[in-house]
Amino acid sequence: MAETQLTEAGYLEKTPRVSEWRRFRRVFFSRGVVVFGLVVLVLVLFTAIFAEWLAPYDPYKTGVAKSLAQPSSEHWLGADTLGRDTLSRLIYGSRTALQVGFVSVLISGVIGIPLGMIAGYSGTIVNNLIMRTMDAMMCFPMLLFALVLAAVLGSGIWNVIIALSVATIPGYARVTHGLALSIKENDYILAQKSLGSDNIRTIFRHILPNAFPPLIVLMTMQLGNLILAEAGLSFLGIGIEPPGAAWGAMVNSGYQYLKISPWLSFAPCLAIMLVVFAFNMVGDGLRDALDPKLRGLL
Amino acid sequence: MTTYIIRRILQAVVVLIIVTLMVFFVIRLLPGDPLIIYVAQTAQLQAMPPEMIEELRIQYGLDKPIMVQYVNWIANMFRGDFGESVYYHEDVSALMIERFPVTLHIGGLSLIIGAVFGILVGIITAVRRGKWPDKILTPLTYVGITIPVFFLGILMIYVFGVKFGWLPISGYTSPFENFGLSTRQLIMPVICMSFFSIAANARQMRSSMLEVISQDYVRTAWSKGLTERSVILKHAMKNSLIPVITLVGVGVGILFGGSVLVETIFAIPGVGRLLVSSIFGQDYVVVQAITLVIAVAILVVNLLVDISYGWLDPRIRYG
């Protein structure tokens with residue numbers, strides 16, 4: 001008798017956690033496009049990590065093929081004016097895109113989330129100071145902001161990362177600010193306060209974990225936007241320096257030869273689109289699985 | 001309502017001051033002598049005799065404390081003096097008066113098309129949820145928000161310009177000069193610019209419409225025996241439009257951001273292309289002026305959006 005009670009109690013205690021994870025999986029994998037997005041992301045990540053082994057040629061070496069070579073069995077996507085293998089450059093370009101995306105999303109998240117949290121949790125003056133600055137930053141279109149900032153900082157991939165990170169900070173701050181404002185109205189926060197927990201502890205132990213699901217969704221979707229923005233910047237000629245491979249820059253240099261070799265610019269364009277699409281879909285799936293209430297908000 | 005408007009305007013003034021500070025100081029992040037903003041390239045500057053540099057420094061007020069320089073800069077702009085372009089040797093205000101209408105022409109058309117078609121697509125896909133119009137259009141809206149602007153541009157240039165030769169692939173003509181040519185030149189850039197807005201507006205409209213049509217008052221409208229047309233257009237649409245209005249505010253920003261790419265692709269002499277060429281030409285006075293004007297425009301549009309939002313939805317006003 002005692003044994004069954006024990007197992008029953010254990011069973012009852014354990015169930016919610018298991019089903020939570022199950023529910024997440026069930027919802028997340030229920031949509032075909034989300035699974036497709038996830039597969040694409042895994043493949044791109046794999047490509048970026050193992051670029052050295054996957055690329056058939058040295059992406060920086062000129063003259064491995066004839067200038068503007070047409071696609072053939074040796075060069076699947078042909079070659080650019082300098083005779084560099086397009087496929088190899090495309091593969092190495094995934095590295096640039098993901099590097100810029102992930103690093104910028106981390107930097108802007110690490111700065112933007114605490115800013116929004118502090119603004120939402122402190123008094124009027126600090127709140128206004130932070131949020132009005134964020135409003136001011138949001139008056140500049142993201143691409144324009146990053147463009148001017150990168151131009152002032154100088155070229156190079158790190159300056160692009162800094163420019164894009166700064167340009168996306170206000171987005172996090174605003175969302176986190178809104179979340180902090182609504183979460184702190186909950187009774188459990190009041191309970192914490194009455195137990196004597198200080199602000200820092202309340203923010204990090206109680207508010208932040210509750211703000212996590214929407215922030216994860218926001219970051220995933222932001223990754224797509226960042227990759228799109230990086231492509232835009234490198235299309236305009238700002239960012240990675242010449243021998244390096246970036247998809248946007250490939251589009252720009254291939255674009256002049258649209259008549260003879262359209263795939264020179266179409267291939268990197270398709271790559272950008274696929275990755276951005278994948279991040280958006282996975283973001284959508286995460287949103288539905290983590291917190292369906294966010295639909296229409298994020 | 002009046003208190004709400006006053007509060008929003010005061011906030012906007014604070015934001016405006018921060019915007020000007022940012023534009024002023026970001027350009028000062030440039031390495032080297034700030035004189036290069038007003039005069040010349042670094043190399044030319046190094047070749048000048050020191051007395052001449054000193055003289056120029058006084059002429060441009062760079063010998064004064066930086067906050068005084070900032071105030072002078074603002075004061076000059078209030079008088080309509082945005083400085084002189086290093087590259088064009090022309091007043092920046094004259095340059096902007098020449099370029100802004102082009103961008104506004106294309107951007108304005110794209111904004112209208114984006115709003116009208118976006119709302120239309122949103123209504124159709126929401127009302128016919130799960131039916132064939134939804135199945136075709138909704139995936140297309142996903143494509144719309146993920147396709148890079150330059151990809152759409154290049155694709156259209158390739159198909160309509162290079163393959164079939166139906167449309168001119170670049171340039172801009174004023175509609176007052178040659179309306180036919182102007183329209184033909186505008187088709188591709190406007191599609192390119194509005195595609196994203198159509199998709200984004202449609203997605204927002206669809207989700208807010210879906211929410212509204214499950215409300216009680218819409219069910220009441222149905223049960224009164226009203227026609228679908230009346231229920232959707234009179235009862236459901238009005239309320240679901242509210243969230244879409246904010247997107248129009250965001251859309252202005254996206255259009256200015258997109259103009260940089262679209263004007264580069266289609267070789268349109270607008271303000272976006274001027275900004276890019278000024279960045280590469282290190283013509284920082286122009287960069288500063290354009291960035292500021294765009295930011296102020298976006299600030300004003302967002303203020304108007306917020307005010308109309310408060311007017312349409314009283315819950316916001318008192319929130």
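All chains are named by letter (A, B, ...) in the order of the sequence lines, taking the proteins before the strands, and each is independently numbered beginning at 1. Atom set for the values below is all heavy atoms of this structure, side chains included, hydrogens, waters and symmetry mates excluded.
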Who among A:Asn225, A:Val33, A:Val251 has the most heavy-atom pairs with chain B under 4.5 Å?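 It is A:Val251.
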Pick whichever of A:Leu228, A:Leu274, A:Val275 has the most heavy-atom pairs under 4.5 Å with chain B.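 Counting heavy-atom pairs under 4.5 Å, the top option is A:Leu228.
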Just how far is it from atom [atom1] of [X] to atom [atom2] of [Y], taken to the nearest 0.5 Å?
X	Y	atom1	atom2	answer
A:Leu147	B:Ile279	CG	CD1	3.5 Å
A:Met273	B:Leu152	CE	CG	9.0 Å
A:Cys139	B:Asn302	SG	CG	6.5 Å
B:Leu275	A:Leu144	CG	CG	5.5 Å
B:Ile18	A:Met137	CD1	CE	11.0 Å
A:Leu236	B:Arg273	CG	CZ	11.5 Å

What part of [X] gets within 4.5 angstrom of chain A, counting heavy atoms only: side chain, backbone, both, or neither?
X	value
B:Val260	both
B:Val26	both
B:Ile265	both

So for atom CZ, which belongs to B:Arg8, do other residues, nucleotides or ligands contribute more than 12 heavy atoms lying within a distance under 6.0 Å?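 Yes, enclosed.
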CD1 (A:Ile125) with more than 12 external heavy atoms under 6.0 Å: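 No.
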[X] portion near chain B, given a 4.5 angstrom heavy-atom threshold:
X	result
A:Ser265	side chain
A:Met131	neither
A:Phe277	both
A:Asp135	both

Of all of [options], which one pairs up most often with chain A through heavy atoms under 4.5 Å apart?
options	result
B:Leu155, B:Val296, B:Val14	B:Leu155
B:Val287, B:Ile154, B:Leu21, B:Leu255	B:Ile154
B:Gly253, B:Ala12, B:Ser208, B:Ala295	B:Ala295

Please name the pair of heavy atoms, one in A:Leu143 and one in B:Gly257, separated by the smallest distance, quoted to 0.1 Å.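 Heavy atoms only, the tightest pair is CD2-O, 3.6 Å.
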Using every non-hydrogen atom in the two residues, find where B:Pro148 and A:Cys269 come nearest and quote the distance to one decimal.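 The pair with the smallest heavy-atom distance is CG-O, 4.4 Å.
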In terms of relative ring orientation, are B:Tyr158 and A:Phe266 parallel, tilted or perpendicular, with 30° and 60° separating the classes?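 Perpendicular: the ring planes of B:Tyr158 and A:Phe266 meet at over 60°.
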B:Phe150 vs A:Asn252, test: side-chain contact (heavy atoms from CB on, under 4.5 Å). Steps then yes/no. CA-CA 9 Å; B:Phe150 50 82; A:Asn252 192 12; over 6 Å; no
Side-chain touch [X]/[Y], heavy atoms, less than 4.5 angstrom:
X	Y	value
A:Phe145	B:Thr291	no
B:Val23	A:Phe140	yes
B:Ile254	A:Pro141	no

